[in-house]
S.K.: 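Below is one structure. I have some questions about it.
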Amino acid sequence: MLGKLTWEAIPFGEPLPIVSGAIVGLTILAVLGIVTVKGWWPYLWREWLTSVDHKRIGVMYVCLGLVMLLRGFSDAIMMRTQQAIAIGPSQGYLPPEHFDQVFSAHGTIMIFFVAMPLVIGLMNFVVPLQLGIRDVAFPVLNSVSLWLTATGALLINMSLVIGNFARTGWWAYPPLSELAFSPDVGVDYYLWSLQISGIGTLLTGINFVTTILKMRAPGMNYFRMPIFCWTALASSLLIVAAFPVLTATFVMLLLDRYLGMHFFTNDAGGSQMMYVNLFWAWGHPEVYILILPAFGIYSEVVATFSGKALFSYRSMVWATLGICVLSFMVWLHHFFTMGAGANVNAFFGIMSSIIAVPTGVKVFNWLFTMFRGRIVFTTPMLFAVGFIVTFVIGGLTGVLLAVPPVDFVLHNSAFLVAHFHNVIIGGVIFGALAGIHYWFPKAFGFTLDERLGHASFWCWLVGFYLAFTPLYVLGLMGMTRRLQHIADPSWRPLLLVAEAGAIVILCGILCQIAQIYVSIRTRERRLDLTGDPWDGRTLEWSTTSPPPAYNFAVLPRVETIDAFWHMKRTRQPAQQRAYKAIEMPRNSPAGFITAFFAVLMGFALIWHIWWMAILGFLAAIAVVLVAGWSVEREQEISAAEIAQMERAR
């Protein structure tokens with residue numbers, strides 16, 4: 001009846017997961033209790049859980065990413081602490097089996113459920129506003145995408161207390177991920193959570209490609225779009241091209257595990273290296289799926305806080321498109337040591353160096369934008385400046401690793417760990433934090449506290465260098481990655497410095513939590529009454545803060561790049577006063593209900609509870625069909641209502 005699920009699946013004999021699960025469970029119960037006592041359920045259901053407004057969905061994506069950042073960072077602290085104390089005779093506090101789960105969960109969560117929700121959330125909130133339109137192309141599909149991503153995050157967190165997570169690293173290479181070496185449900189948690197969330201991400205990519213190509217404001221041709229819209233388009237194109245590769249790869253691995261097939265079993269005619277090729281054929285474009293929207297954020301931030309138009313707009317666009325194409329030609333540098341041959345290694349080494357050229361173009365564009373600008377060092381600008389320095393270092397170490405002979409020495413070492421985090425933290429996370437600070441007043445109508453924002457930035461920057469610069473040195477000294485125990489006591493000082501860096505980053509996260517709390521408490525004196533607190537350049541700043549549900553009462557006419565800046569300088573009104581009725585999509589519970597059944601289906605597939613899996617699948621399909629055939633999808637806002645709301649605003 002319950003498949004493989006028994007009481008033995010709950011690790012009663014392991015205090016760490018039980019205590020962690022209890023803390024998470026009690027926190028969730030406390031939140032649910034407060035919501036119930038306060039009577040907030042009708043409001044949450046109406047305004048958030050069933051909303052198809054791109055702005056609400058964007059905020060929920062960002063909230064999911066920030067919550068999962070706490071979860072993923074807790075794994076990072078545990079790993080750093082284990083390595084700092086498990087040296088010589090000491091074995092530390094994490095047994096090998098648990099340590100393997102921790103580093104596997106850390107990588108999976110930070111890539112799929114922190115970085116992805118943060119950049120997709122900002123794209124959701126900002127892109128329709130910058131395009132001068134009222135919503136994305138498929139609003140209900142947008143809601144489904146969000147809740148499928150949340151489903152994957154929930155399934156991974158369930159593995160904390162019911163069963164276990166994969167012990168394979170976040171790539172799940174065969175044969176380690178095959179049944180012979182991972183007979184428990186850990187790899188199944190990994191595969192089904194990423195399959196379900198991956199479907200949501202693919203739907204998001206389709207949605208944004210359609211939105212950007214087909215739904216721009218009157219007069220906004222491609223070369224009048226803000227750079228953030230270009231980077232969102234490039235990222236979405238990569239999602240549409242790359243995520244089906246990951247989905248197909250995981251389907252083959254699932255068939256190996258569930259039906260005894262041998263796609264990746266060398267002894268039975270399969271090929272383990274085929275998995276590695278397919279995974280990284282998705283995996284390296286994934287790096288650019290994450291970093292390209294961050295590049296767009298930095299472009300908006302640097303131009304706004306330098307008081308200048310972005311230097312050489314067209315070269316920035318072509319560099320973005322160049323990265324989009326070249327990102328599919330470099331995947332093999334992830335396994336130069338796997339015996340592909342000198343000619344193949346040489347080709348991918350050269351391509352990996354070439355892709356640094358358009359990235360360098362972007363760095364020079366940002367520097368020339370700041371040159372002789374009237375720079376204002378707000379928190380978003382600090383993150384942008386910190387990113388430029390940090391990312392250039394990460395890029396240089398990446399070019400170094402793109403040289404096959406060097407990679408033969410450094411492959412699988414702590415040097416590679418430092419390089420990857422150099423790019424992801426210094427690029428994606430700094431970009432997401434810059435974007436959150438930059439667009440927060442537009443989303444909520446008041447600015448964030450700058451003093452705590454500055455403190456958070458310096459903790460992140462200093463903590464990052466303390467945490468990962470020692471890993472470059474340790475990698476050159478021969479330390480490999482994923483070590484649960486350190487045999488060489490001479491590495492202890494550098495590992496202690498890395499531990500100190502993780503603690504400083506924790507201080508930065510605590511500063512951000514305090515910043516949000518203080519900003520909410522003092523919001524009355526930091527209200528954004530103009531809708532344009534930064535003297536912005538693009539159309540999102542022409543609306544009120546927060547924007548109305550319909551974004552623009554009258555769609556703006558765009559005549560140049562930086563449309564709102566042009567309107568302000570030529571004294572053009574942002575909107576006319578001849579209002580017409582507007583049709584907006586109705587709220588839909590389809591996304592939330594689909595996710596509920598997707599959780600049941602995913603959990604049942606993990607534990608081989610076949611009747612529950614079939615019912616969950618059929619119910620999810622039924623919800624999608626009912627939503628698809630619904631005829632009452634839109635509601636009309638009359639011209640009189642719009643006029644009244646606009647006068648009030």
Side-chain angles (χ1 to χ4, degrees), residues 11 14 16-17 20-21 68-87 90-116 152-153 155-161 163-177 181-182 184-191 193-194 276 279-280 283 286-287 334 410-425 429 464 467-468 470-472 474-475 479-487 491 494-495 498-499 501-503 505-506:
E14 300 180 32
L16 199 56
S20 302
M68 294 303 288
L69 176 63
L70 296 176
R71 167 74 167 85
F73 184 77
S74 67
D75 290 336
I77 282 282
M78 291 167 66
M79 286 188 291
R80 288 272 74 85
T81 304
Q82 170 68 16
Q83 291 187 331
I85 63 177
I87 300 175
S90 173
Q91 295 300 312
Y93 69 102
L94 283 177
E97 289 272 313
H98 196 177
F99 184 83
D100 292 349
Q101 292 181 57
V102 168
F103 72 67
S104 301
H106 171 73
T108 305
I109 287 170
M110 296 301 273
I111 294 294
F112 291 97
F113 300 110
V114 176
M116 288 295 288
L155 286 174
I156 278 193
N157 283 290
M158 290 172 71
S159 72
L160 188 66
V161 289
N164 59 282
F165 194 65
R167 298 183 296 276
T168 57
W170 73 276
W171 337 266
Y173 284 175
L176 187 57
S177 56
F181 297 97
S182 296
D184 51 41
V185 296
V187 175
D188 300 324
Y189 267 114
Y190 168 88
L191 290 171
S193 63
L194 297 191
V276 179
F279 184 89
W280 287 114
E286 167 67 6
V287 173
H334 289 274
L410 297 174
H411 184 74
N412 235 22
S413 72
F415 188 98
L416 182 61
V417 175
H419 157 70
F420 184 73
H421 286 81
N422 216 146
V423 173
I424 295 299
I425 294 179
I429 299 299
F464 168 80
F468 293 101
L471 298 189
Y472 281 122
L474 288 166
M479 177 178 166
T480 57
R481 64 204 304 188
R482 305 186 297 273
L483 290 180
Q484 180 264 348
H485 178 263
I486 309 299
W491 295 348
L494 290 172
L495 289 168
E499 168 77 353
I503 293 171
I505 292 176
L506 175 62

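For clarity, every value in this text was computed on a predicted model and none was experimentally measured.
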S.K.: Report yes if some heavy atom in the side chain of Met78 is under 4.5 Å from a heavy atom in the side chain of Phe99; otherwise report no.
M.R.: no
S.K.: Walk me through whether Leu471 and Leu494 qualify under side chain to side chain contact (heavy atoms under 4.5 Å, CB included).
M.R.: CA-CA 8 Å; Leu471 298 189; Leu494 290 172; over 6 Å; no
S.K.: Inspect the surroundings of CZ in Phe181 and state if more than 12 heavy atoms from other residues, nucleotides or ligands are less than 6.0 Å away.
M.R.: no
S.K.: Are the side chain of Gln82 and the backbone N or O of Gln91 linked by a donor-acceptor pair below 3.5 Å?
M.R.: yes
S.K.: Report yes or no: does Ser413 contribute a side-chain atom to a donor-acceptor pair with the main-chain N or O of Leu410 at less than 3.5 Å?
M.R.: yes
S.K.: Hey, what do you get for CZ (Phe165) to CG (Asn157), rounding to the nearest 0.5 Å?
M.R.: 10.0 Å
S.K.: With rounding to the nearest 0.5 Å, note down the distance linking OG in Ser177 to CZ in Arg167.
M.R.: 12.0 Å
S.K.: So, for Leu176 and Ser182, which heavy atoms are closest and what is the spacing to 0.1 Å?
M.R.: O-OG, 2.5 Å
S.K.: Could you measure the distance from the CD1 atom of Ile505 to the CD1 atom of Ile77? Nearest 0.5 Å is fine.
M.R.: 8.0 Å
S.K.: Quick one: OG1 on Thr480 to CG on Leu474, what's the gap to the nearest 0.5 Å?
M.R.: 11.0 Å
S.K.: Could you report the tightest heavy-atom contact between Ala86 and Gly92, atom names first, then the distance?
M.R.: CB-N, 3.7 Å
S.K.: Counting C-beta onward and ignoring hydrogens, is there a side-chain heavy-atom pair between Leu506 and Phe73 closer than 4.5 Å?
M.R.: yes
S.K.: Ignoring hydrogens, what is the shortest heavy-atom contact between Ala502 and Arg80? Give both atom names and the distance.
M.R.: CB-CG, 4.1 Å
S.K.: Does Asp100 come within less than 4.0 Å of Arg482, counting only side-chain N to carboxylate O?
M.R.: no
S.K.: How long is the straight-line distance from CH2 of Trp171 back to CD1 of Ile111, given to the nearest 0.5 Å?
M.R.: 11.5 Å
S.K.: Is Gln83 reaching over with its side chain to a backbone N or O of Leu483, donor-acceptor style, under 3.5 angstrom?
M.R.: yes
S.K.: With a 4.5 Å cut-off on side-chain heavy atoms, are Ser20 and Leu160 touching?
M.R.: yes
S.K.: Heavy-atom distance under 4.5 Å between the side chains of Phe112 and Leu194, does that happen here?
M.R.: yes
S.K.: So, taking the atom named OG in Ser90 and the one named CD1 in Ile85, what distance separates them when rounded to the nearest 0.5 Å?
M.R.: 5.5 Å
S.K.: Tell me whether the rings of Tyr472 and Phe415 are parallel (<30°), tilted (30 to 60°) or perpendicular (>60°).
M.R.: perpendicular
S.K.: May I ask you to decide if Thr168's main-chain N or O and Ser104's side chain share a donor-acceptor pair within less than 3.5 Å?
M.R.: yes
S.K.: For the pair Trp491 and Ile87, evaluate side chain to side chain contact (heavy atoms under 4.5 Å, CB included) and give the outcome as yes or no after the intermediate values.
M.R.: CA-CA 9 Å; Trp491 295 348; Ile87 300 175; over 6 Å; no
S.K.: Can you check whether Ala166's main-chain N or O pairs, donor with acceptor, with Gln101's side chain at less than 3.5 Å?
M.R.: no
S.K.: Measure from the side-chain N and O atoms of Thr108 to the backbone N and O of Ala105, and report whether any donor-acceptor pair falls under 3.5 Å.
M.R.: no
S.K.: Is the shortest side-chain heavy-atom distance between Met479 and Leu495 below 4.5 Å?
M.R.: yes
S.K.: Could you check, using the six-membered ring where one of them is a Trp, whether Trp170 and Phe279 have ring centers closer than 6.0 angstrom?
M.R.: yes
S.K.: Measure up the Phe468 and Phe464 rings against each other and bin them: parallel (under 30°), tilted (30 to 60°), perpendicular (over 60°).
M.R.: tilted
S.K.: Counting C-beta onward and ignoring hydrogens, is there a side-chain heavy-atom pair between Met110 and Ile424 closer than 4.5 Å?
M.R.: no
S.K.: Strictly distance-based, threshold 3.5 Å: is any side-chain N or O of His106 a donor or acceptor partner for the main-chain N or O of Gly72?
M.R.: yes
S.K.: Does Val417 offer a backbone N or O that forms a donor-acceptor pair with the side chain of His421 under 3.5 Å?
M.R.: yes
